[in-house]
*Asks:* 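Mind having a look at this structure? Questions to follow.
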Protein chains: 2
Amino acid sequence: MTLAKPAFPAPDHDHRRCTADALAHAEAVCEQRAQKFTPIRRQVLGALLSSHRPLGAYEVIDELAKSMARPAPITVYRALDFLMANGLVHRIESRNAYLACAAHDHDATSAVAFLICERCGLVGEISSASFAKDLNAAARSSGFAPKLSVVEITGVCAHCQKMS
Amino acid sequence: MTLAKPAFPAPDHDHRRCTADALAHAEAVCEQRAQKFTPIRRQVLGALLSSHRPLGAYEVIDELAKSMARPAPITVYRALDFLMANGLVHRIESRNAYLACAAHDHDATSAVAFLICERCGLVGEISSASFAKDLNAAARSSGFAPKLSVVEITGVCAHCQKMS
DNA sequence: AAATAATCATAAGCTTGCTTACTATATCTT
DNA sequence: AAGATATAGTAAGCAAGCTTATGATTATTT
Ligand SMILES: [Zn+2]
Ligand SMILES: [Zn+2]
Ligand SMILES: [Zn+2]
Ligand SMILES: [Zn+2]
C-alpha cells in the first residue's frame, strides 16, 4: 500500500457527494464507537466540509453564524476537539487551522502529509506508509523516539499549475 | 550525503562554542550577502541561541528585556523576519515559535526535519536529502509541485529516554 | 551637501486562538 | 422518579501573535 486516494481535490469533483460521504462516514464512526454525533458536531464538520480549505476556529464560527445563532468560541472548540479525537478533522499546524479529513481511512502505521496549494488554498492528503517508515527511520537514527509527525508541504497544485 | 550533523543537541555539548560558532556563521553569511548584522539582529539571534528550544516572539522579548530596554514586538518581528530570510532562524510551525538554526549548511535540495522532544523541549534538526526526495516524489505523484516542506516530529529524545 | 534608502523606535491596536467558571439541558442509569 | 453523566450554552477574559502608522536615525548613493 503506497497511495490511497486521489490525494488532491479535483476542481470538478462531485463535492456534494464528497460532503455527503464524509458526513455518512462520520456518522458511522460515531455509531461504531458509541459516540454521539450531535447537531453542533455535525454542523462544525459541515462547515469544514464546505470547502477543502482549512478554516481557523473563528472562520468556523463565521461560517456557522450564517445558519444559526453565532456560537461562542468554546462551543466550536469543543466540537473541534471531539472531531479531532475521532479522526474526522485534522489540524493544520502551519496555519492554526482545521481541515475535514477527506481520506476516511488512515491506518495507524501510516503518516499523513498535507499538500497545501499556495494559489487556491485547497489542501490534499497523502497517506503513505512508505515515507512514514523513512521519516521514522531518519528520526530513530539519532536515538530519537518519534510519536507524532507533522508533514505539511506547500506548493502549487496540478490545477493551478495549468492556470499559470 | 544522508545525515549531516549530530542532529540532536547532546546534553553535555560545549554550548558556549555552539553559540559562538552560530554567531560567527551569521556574521559570515551577512557579510557575504552584503546584509547588515545589526545589534538588534545579533541580540535576537543571541536570545534564540541561549537554548536549543524554540522561543515564541514574546519569549524573545522577555529574554532581551533582561539585558536591555524591553523591545517592542515590531522590533523583534523585524529581526526575526530578517534572520529567517537569511536562513539563520527557523520557524517551528507547530509551536508558533522560532529556533536558531544549528545546522549552518542546508543545501537547497534537502528538506529539514525538526525533532521536538516533548520532555525537555529541545529541538534537533535532521537535514536529509534522501527523505526529501521521497517526500517530493510522493507529492509530485499527484501532480503537486512542492516548494516548502514543514516536517516536525514530536517524540522523546535519546537523553530523556534514558531518564525514564 | 543633498537626496535616497535602509533600519529602528514609539505608540497603539487588532485579531486570533484558546481558557475558565458557571449554569442549563439532555441522556442514561438505577 | 432520582441521581449520575455527558453535552451544550452563557459570559467573560486573557495571552500570543502580529500589524499599522509615523517619526527618528543611520547608512549609501549621487
Ligand atoms: Zn469535495
Ligand atoms: Zn491549487
Ligand atoms: Zn548548543
Ligand atoms: Zn529530551
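Please read all numbers here as calculations on a predicted model, not as lab measurements. Just so it is clear: chains get the letters A, B, ... in the order the sequence lines come, proteins before strands, and each one is counted from 1.
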*Asks:* Does a side-chain N or O from B:Tyr98 land closer than 4.0 Å to OP1 or OP2 of D:dA16, or not?
*Replies:*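 No, B:Tyr98 has no side-chain N/O under 4.0 Å of OP1/OP2 on D:dA16.
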
*Asks:* Which comes earlier along DNA chain D counting from the 5' end, the contact point of B:Glu59 or that of A:Met68, where each point is its nearest nucleotide?
*Replies:* A:Met68

*Asks:* Test for a donor-acceptor pair under 3.5 Å between the base of D:dA16 and the side chain of B:Arg95, counting only N and O atoms.
*Replies:*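 Flag unset: no donor-acceptor pair detected.
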
*Asks:* Tell me the interatomic distance from A:Ile61, atom CD1, to C:dT19, atom P, rounded to whole angstroms.
*Replies:* 13 Å

*Asks:* Can you measure A:Arg70 atom CZ to D:dG9 atom P for me and round it to whole angstrom units?
*Replies:*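 The distance from CZ of A:Arg70 to P of D:dG9 comes to 15 Å, rounded to the nearest Å.
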
*Asks:* Kindly assign one of parallel, tilted or perpendicular to the pair A:His13 and A:His52, based on the angle between their ring planes and the thresholds 30° and 60°.
*Replies:* perpendicular

*Asks:* How long is the line joining OH of A:Tyr77 and P of D:dG9, in whole Å?
*Replies:* 16 Å

*Asks:* Between C:dA6 atom P and B:Arg33 atom CZ, what is the distance in whole Å?
*Replies:* 17 Å

*Asks:* Would A:Arg41 pass as a cation-pi partner of A:Phe82, given that its NZ or CZ must be under 6.0 Å from the six-membered ring centre and within 45 degrees of the axis?
*Replies:*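 Judged by the rule (NZ or CZ under 6.0 Å from the ring centre, within 45° of its axis), A:Arg41 counts as positioned above A:Phe82.
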
*Asks:* List the residues meeting side chain to side chain donor-acceptor pair (under 3.5 Å) with B:Lys66, not counting sequence neighbours, and say none if there are none.
*Replies:*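 B:Glu63.
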
*Asks:* Starting from C1' on C:dG17, measure out to CD1 on A:Ile92 and report it in whole angstrom.
*Replies:* 16 Å

*Asks:* From C:dA9, C:dT7, D:dA8, pick the nucleotide closest to the side chain of B:Ile40?
*Replies:*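 In terms of side-chain proximity for B:Ile40, the closest of C:dA9, C:dT7, D:dA8 is C:dA9.
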
*Asks:* Hey, does the side chain of B:Tyr58 come within less than 4.0 Å of D:dA16's phosphate (OP1/OP2), counting only N and O?
*Replies:* no

*Asks:* Below 4.0 angstrom from OP1 or OP2 of D:dC18, is there any side-chain N or O of B:Arg91?
*Replies:*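 True: B:Arg91 side-chain N/O within range (under 4.0 Å) of D:dC18 OP1/OP2.
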
*Asks:* Between B:Thr75 and C:dC8, is there a side-chain N or O to OP1/OP2 distance below 4.0 Å?
*Replies:* no

*Asks:* For the pair made of CD1 in A:Ile74 and P in C:dA21, what is the distance, rounded to whole Å?
*Replies:*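 It works out to 12 Å between those atoms.
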
*Asks:* Tell me: CG of B:Asn96 to P of C:dG17, nearest whole Å?
*Replies:* 9 Å

*Asks:* Between the side chains of B:Glu118 and B:Thr154, does any donor sit under 3.5 Å from an acceptor?
*Replies:*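 Side chains of B:Glu118 and B:Thr154: no pair found under 3.5 Å.
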
*Asks:* Hey, does A:Ala57 reach any base, or is it just sugar-phosphate, or nothing, if we go heavy atoms under 4.0 Å?
*Replies:* sugar-phosphate

*Asks:* Any side-chain heavy atom of A:Ser51 within less than 4.5 Å of one from A:Leu122?
*Replies:*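 Counting from C-beta outward, A:Ser51 and A:Leu122 never come under 4.5 Å.
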
*Asks:* On the nucleotide C:dA9, are OP1 or OP2 found under 4.0 Å from the side-chain N or O atoms that B:Arg78 carries?
*Replies:* no

*Asks:* To the side chain of A:Arg41, which of C:dC8, D:dA8, C:dT10 is closest?
*Replies:*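 Nucleotide nearest to A:Arg41's side chain: D:dA8.
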
*Asks:* Round to the nearest Å and state the distance from A:Asp62 atom CG to C:dG17 atom C1'.
*Replies:*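 Taking CG of A:Asp62 and C1' of C:dG17, I get 14 Å after rounding.
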
